[in-house]
Amino acid sequence: MNHWLFKSEPDTFGIQDLAKAPKQRTAWDGVRNYQARNMLRDSIKQGDLGLFYHSSCAVPGIAGIVEIVKEGYPDATAFDPKHHHYDPDSMRGEPRWYVVDMKLVRSTRRIIELSELRAHENKSLQDLILLRRGNRLSVMPVTKKEWDFIVSLE
DNA sequence: GCCAACGTTGGC
DNA sequence: GCCAACGTTGGC
């Protein structure tokens, strides 16, 4: 079982939106980055756990824990001309973009803030991809050690 | 294959 | 709103 971190802008879809979703479940759609796509398509497995991270907001940080309930399948929003994430180059016979389905395990009791993670960037979290300079990946792997450490901060 | 231009991300 | 950093595009 592997661990991941998923970024989302709470103004668009935050942890509260996941909590209110039917069955507290959602498809992680709209990813339009090849590196992240490859993870969604190939690496993320049912039963894997993820940190739900709030980005581009007043208090960036980890807001919850999710579990993968369905492995990668084509992102239907890429086929829809009316959709904001429409990609005319993604064909149904040869889909370019993928999603996984996830469900809420729980919200964290508090936001584990980015600034707090940064306080450990020279020690326990020195390899955390999230903290790498200029990092823009919206889906990234987290090691078991990093996971355990981050969860222990809560 | 190079690389400048451009659009996007995301913290501050 | 600013701006650094990055990925993608497209001309050559």
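Just so it is clear, the model here is predicted, and its values are computed rather than measured.
For B/dT9, the OP1/OP2 oxygens have no side-chain nitrogen or oxygen of A/Y53 closer than 4.0 Å. The shortest distance between the side-chain N/O atoms of A/K7 and the OP1/OP2 oxygens of B/dG10 is below 4.0 Å.
Under the side chain to side chain contact (heavy atoms under 4.5 Å, CB included) criterion, A/E154 pairs with A/R106, A/T108, A/R109, A/I112, sequence neighbours left out. Partners of A/Y73 under the side chain to side chain contact (heavy atoms under 4.5 Å, CB included) rule, at least two apart in sequence or in another chain, are A/A27, A/K70, A/V99, A/D101. In terms of the side chain to side chain donor-acceptor pair (under 3.5 Å) criterion, residue partners of A/E146 (sequence neighbours excluded) are, by chain and number, A/T143. Looking at residues two or more places apart in sequence or on another chain, you find a salt bridge (Lys or Arg N to Asp or Glu O under 4.0 Å) between A/D148 and A/K144.
With contacts defined as side-chain heavy-atom distances shorter than 4.5 Å, the pair A/L117/A/L153 qualifies.
Atom CG of A/L114 is separated from atom P of B/dC12 by 6 Å (rounded to the nearest Å). For the pair A/Q35 CD and B/dT9 P, the computed distance is 15 Å after rounding to whole Å. Across the protein-nucleic acid pair, A/N33 atom CG and B/dT9 atom P stand 10 Å apart, rounded to whole Å. Protein atom CG of A/L130 is 16 Å distant from nucleotide atom P of B/dT9, rounded to whole Å. Distance, A/N135 CG to B/dT9 P: 13 Å, rounded to whole Å. Following rounding to the nearest Å, A/H85 (NE2) and B/dT9 (C1') show an atom-to-atom distance of 13 Å. Rounding to whole angstrom units, CZ of residue A/R132 and P of B/dG11 are separated by 16 Å.
The stretch residues 56-66 of chain A touches DNA chain B through A/S56, A/P60, each having a heavy atom under 4.0 angstrom from the strand.
Hydrophobic cluster membership of A/V69, counting Ile, Leu, Val, Met, Phe, Trp and Tyr whose side-chain heavy atoms lie under 4.5 Å apart directly or via other members: none, as it forms a cluster of its own.
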Indicate for each nucleotide in nucleotides 2-8 of chain B, in 5' to 3' sequence, whether protein heavy atoms under 4.0 Å reach the base (B), only the sugar-phosphate (S), or nothing (-).
-----BB
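To the nearest 0.5 angstrom, A/I15 atom CD1 is 12.0 Å from A/K20 atom NZ.
For residues 120-145 of chain A, the ring pair (Phe, Tyr, Trp, His ring centres under 6.0 Å) pairs, not counting sequence neighbours, are A/H120-A/F149. Residue pairs meeting the side chain to side chain donor-acceptor pair (under 3.5 Å) criterion with at least one member in residues 3-19 of chain A, sequence neighbours excluded: A/W4-A/D48.
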